[in-house]
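Below, all heavy atoms of this structure are taken into account, side chains as well, without hydrogens, waters or symmetry copies. Naming: A, B, ... by sequence-line order, numbering from 1 per chain.
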Amino acid sequence: MRTGLSQDLIARVLGAAPKYTIAELEEKFPPRTLPDGAMVTRFAPSPTGFMHLGNLYSGLIDYKLAQQSNGVFMLRIEDTDTKREIKEAVGIVIDSLAKFGITYNNDETYGPYYQSQRKDIYHSVAAELLRNGRAYPCFLSQEEMDEIRENQKAAGFATGIYGEFARYRDITPDEIIEHLDNGEVPSIRLYSTGDPNKRIFFKDTVRGSISVPENNEDIVLIKSTDRLPTYHFAHLCDDHFMRVTHVVRGEEYFGTVALHIQMFNMMGWKLPNYIHTATLDKIDEETGKQRKMSKRKDPENNVAFFMQEGWPTDALIEYLGNILAPGYEEAKLKGAVKNFWEYEMKPKKIPMSGGLFDMKKLEWWAKEYIGAMSVSDLVKSVATWANEYGDEKQKMQVADIDYLTAVLSIERDNPKRIRKDFITWKQTLAIEEFFWDELFVPNAEYKYNADVLRAFLETFDIADNKDTWWNKIVAVAEKFGVKNGDVAMDLRVALSGRTNTPDLYSIMQVMGADRVVKRIKALL
RNA sequence: GGUCCCAUCGUCUAGAGGUCAGGACAUCGGAUUCUCAUUCCGGUAACAUGGGUUCGAUUCCCAUUGGGACUGCCA
């Protein structure tokens, strides 16, 4: 610990006098009164322009934990990196959460929720640290730091500003004033007294007891460039004053826990529970090796991709839910719960090893999910998607809701025989295209038996029930000495242009007599 | 290089000091069906390696190997 700075100097160092004392902040953001066991969590993305799967994954844990414990789930925007900020980004996050049914509760009492608007809080805490000698103003320039790092690397030392490399660690008030008079803006650094030879122990909710070396780096608390806090300092201030009980974050933060514990201890604040989640991986198509999902190479890493492609958002929730709460799938298959929200996840069971994102399994969840939908819900989902994301063709397909409903009703009446070939809204429309004359592509490759088609047409009556209809097909087959299936195939291809379709009778019923006759005649 | 985390079928996982190591997806085979999709039945498939501890280890400990994260005035 070093000698603290005077109030005047603190005001000069920070650019302005701090607005609050710690006691005032404690009063302004009182401990929450919640039922026992209630968890307070937050989803805290930095607005980088899009939401990726990892975001959704950890946000889902946050939300679920709060939801099942009658706690509070907040959305906090970590917009302290002014260099990388992107305008539309926050809207994308909010919109994505809404689409996945994740709602947050940003109570005014604990706001504001944009870190860029919480400067007063950070500066007030920093002032306290400056006052009691736990932090100091640092005037190291970017060039100096680069040089220090290069030298450290060359000498084989750990990089960073610590010990002898922390040149301004013991700067005196007079020297500070000198730099200030010079027009320099300092960063505020932690005055670390940690000893890397000593170890610090903590409990991670997922990984259990962990021991790491103490932190000895004089990490930056307040940046000189914009006087905004770094992630570490914002984490300390925000998660304390927002009264967060469980901090869910990616494992990339694992290495900085020692620092965070150090800061919480320094302030005498209660450490939140930490849940460090594993990254979502995929197999690289080129190398065949497992790796972290990447923004550049993997379009499916962007949740916007799933919405554009029309994946049922709930299916994605189910899939992700089963990953973060192993056992959910079994519970659902057994009928113990209806959906992920009903399943109680155990924080301790969140997997700690990297999971491969498995598109095949996602497809399965999607098929199951759509298979369980009512026709009207299915129609609604498909139409809503087409109107928001679809092209002209897809919008046309959903224009006539009655016809769309008829098309999508095929093979959905028998609960044991629900077709499971729908995966996404987009793909659903695509495989049904032949029902629309504008999109129907006759099959020119297929060798039709014109006699069969002609014979079928002669007896065809749209009013026939399925048995009568089938008997007529059998009769045609006998007449020409071909198999029943061959007749059906001729008709199938004639009507749909495809060799694979759902129930033929249903198709004809939905298409209507005119369309059936017209398409067959076109081949004669 | 340093610090830290992880390791059960192809994938996601369950599991306990003694189990035929269980499930799901994928895959393969069979039955049903006018094709496809369904549905039903069945099969293949795993405890990374080496040392300990123990009557006994895949389970506990150590090492090795492999994978991952971090090592920024980014979060």
Side-chain angles (χ1 to χ4, degrees), chain A residues 44-48 78-81 83-84 115 138 140-142 145-146 149 152-153 156-161 185-189 196 204 206-207 210-213 217 219-232 234-235 249-258 276 278-279 281 283 289-292 319 322-323 326-330 332-334 349 351-365 367 371 411 414-422 431 470 473-474 477 483-493 496 498-505:
Chain A
S46 52
T48 56
E78 310 230 322
D79 57 348
T80 56
D81 187 358
K83 285 177 219 136
R84 290 205 306 186
Q115 290 186 327
C138 171
L140 237 28
S141 68
Q142 192 56 248
M145 285 189 295
D146 290 346
R149 193 184 351 269
Q152 287 170 327
K153 276 185 184 165
F157 294 145
T159 55
I161 303 302
V185 177
S187 61
I188 308 301
R189 280 186 189 275
D204 181 88
V206 177
R207 290 158 209 262
I210 307 292
S211 121
V212 289
E217 283 192 61
I219 213 83
V220 170
L221 269 18
I222 301 283
K223 297 180 279 182
S224 64
T225 47
D226 47 22
R227 288 192 151 123
L228 252 18
T230 54
Y231 167 82
H232 311 290
H235 159 55
R249 44 157 55 160
E251 67 181 353
E252 63 267 27
Y253 293 103
F254 212 90
T256 57
V257 182
H276 290 97
T279 51
D281 296 356
I283 296 290
K289 291 208 165 195
Q290 185 165 340
R291 62 166 169 76
K292 197 173 164 180
Y319 172 68
N322 184 241
I323 290 183
Y328 163 59
E329 179 185 339
E330 240 177 300
K332 176 163 178 171
L333 257 25
K334 268 191 279 182
K349 299 289 241 175
M352 50 188 160
S353 49
L356 258 192
F357 192 77
D358 187 346
M359 274 304 231
K360 281 283 179 212
K361 186 114 193 203
L362 207 215
E363 284 184 8
W364 176 77
W365 279 107
K367 287 176 181 177
E411 285 186 9
N414 182 349
K416 295 293 269 182
R417 297 263 160 156
I418 304 249
R419 60 190 295 191
K420 294 264 175 72
D421 51 345
F422 296 153
I431 61 183
W470 182 247
I473 287 179
V474 173
K483 290 183 192 159
N484 299 343
D486 294 337
V487 176
M489 188 55 78
D490 279 334
L491 292 169
R492 167 171 294 107
V493 179
S496 70
R498 304 181 184 194
T499 51
N500 300 336
T501 70
D503 182 63
L504 234 198
Y505 177 75

Quiz prompt | Minimum-distance nucleotide (side-chain atoms of Pro351(A) versus rU13(B), rA75(B), rC73(B)) | solution = rU13(B)
Quiz item: Can you find a donor-acceptor N/O pair under 3.5 angstrom joining the side chain of Tyr253(A) to the base of rA69(B)?
Solution: no
Quiz item: Picking from rC4(B), rA75(B), rC34(B), which would you name as closest to the side chain of Thr256(A)?
Solution: rA75(B)
Exercise. Might you confirm whether atom OH of Tyr505(A) has over 12 heavy atoms from other residues, nucleotides or ligands at distances under 6.0 Å?
Key: yes
Self-check item: Among rC34(B), rG72(B), rU3(B), the nucleotide that comes nearest once only the side chain of Thr159(A) is considered
Solution: rG72(B)
Quiz prompt | Minimum-distance nucleotide (side-chain atoms of Val220(A) versus rA69(B), rC73(B), rC34(B)) | solution = rC73(B)
For nucleotides 58-63 of chain B, list the nitrogen or oxygen atoms of the protein found under 3.5 Å from its nitrogen or oxygen atoms, one pair per line.
none

Quiz item: For the side chain of Val212(A), counting heavy atoms from C-beta on, which of rA75(B), rC6(B), rC4(B) is nearest?
Solution: rC4(B)
Exercise. Select one nucleotide: of rG72(B), rC4(B), rC34(B), the one nearest the side-chain heavy atoms of Arg149(A).
Key: rG72(B)
Exercise. Could you check which of rC73(B), rC12(B), rA75(B) has an atom nearest any side-chain atom of Glu252(A)?
Key: rA75(B)
Quiz item: Checking all strands, does Ile222(A) fall into the base, sugar-phosphate, or nothing category for heavy-atom contacts under 4.0 angstrom?
Solution: nothing
Exercise. Answer with base, sugar-phosphate or nothing: what part of the nucleic acid does Pro196(A) contact at a heavy-atom distance below 4.0 Å?
Key: nothing
Exercise. Answer yes or no: is there a donor N or O on one side and an acceptor on the other, between the side chain of Glu411(A) and the main chain of Arg417(A), under 3.5 Å?
Key: no
Quiz item: What's the closest nucleotide to the Trp364(A) side chain, out of rG23(B), rC73(B), rA26(B)?
Solution: rA26(B)
Quiz item: With a non-hydrogen cut-off below 4.0 angstrom, is Tyr505(A) in contact with a base, only sugar-phosphate, or nothing?
Solution: nothing
Quiz item: When you check the phosphate oxygens OP1 and OP2 of rC74(B), does a side-chain N or O of Lys223(A) lie under 4.0 Å from one of them?
Solution: yes
Quiz item: Who are the side chain to side chain contact (heavy atoms under 4.5 Å, CB included) partners of Lys334(A), not counting sequence neighbours?
Solution: none
Quiz item: With sugar-phosphate meaning primed atoms plus P, OP1 and OP2, does Lys349(A) contact a base, only sugar-phosphate, or nothing at under 4.0 Å between heavy atoms?
Solution: sugar-phosphate
Quiz item: At under 4.0 Å, does any side-chain N or O of Thr80(A) touch on OP1 or OP2 of rA75(B)?
Solution: yes
Exercise. Please state whether the phosphate of rG72(B), meaning OP1 or OP2, lies under 4.0 angstrom from any side-chain nitrogen or oxygen of Thr230(A).
Key: no
Quiz item: So, is Lys361(A) near the phosphate of rU27(B), with a side-chain N or O under 4.0 Å from OP1 or OP2?
Solution: no
Quiz item: Going 5' to 3' along nucleotides 36-45 of chain B, which nucleotides have protein heavy atoms under 4.0 Å from the base (write B), which only from the sugar-phosphate (write S), and which from neither (write -)?
Solution: BBBS------
Quiz item: Between Asn500(A) and Arg492(A), what is the shortest heavy-atom contact and its length?
Solution: N-CD, 4.2 Å
Practice problem: Check whether any side-chain heavy atom of Arg249(A) sits under 4.5 Å from a side-chain heavy atom of Val257(A), and report yes or no. | Solution: yes
Exercise. Scan Arg249(A) against the nucleic acid and name what it touches under 4.0 Å (heavy atoms): base, sugar-phosphate only, or nothing.
Key: nothing
Quiz item: Say you pick atom C1' in rA26(B) and the same atom in rC20(B); how far apart are they, in whole Å?
Solution: 24 Å
Quiz item: Would a 4.5 Å heavy-atom cut-off, applied to side chains only, mark Gln115(A) and Leu228(A) as touching?
Solution: no
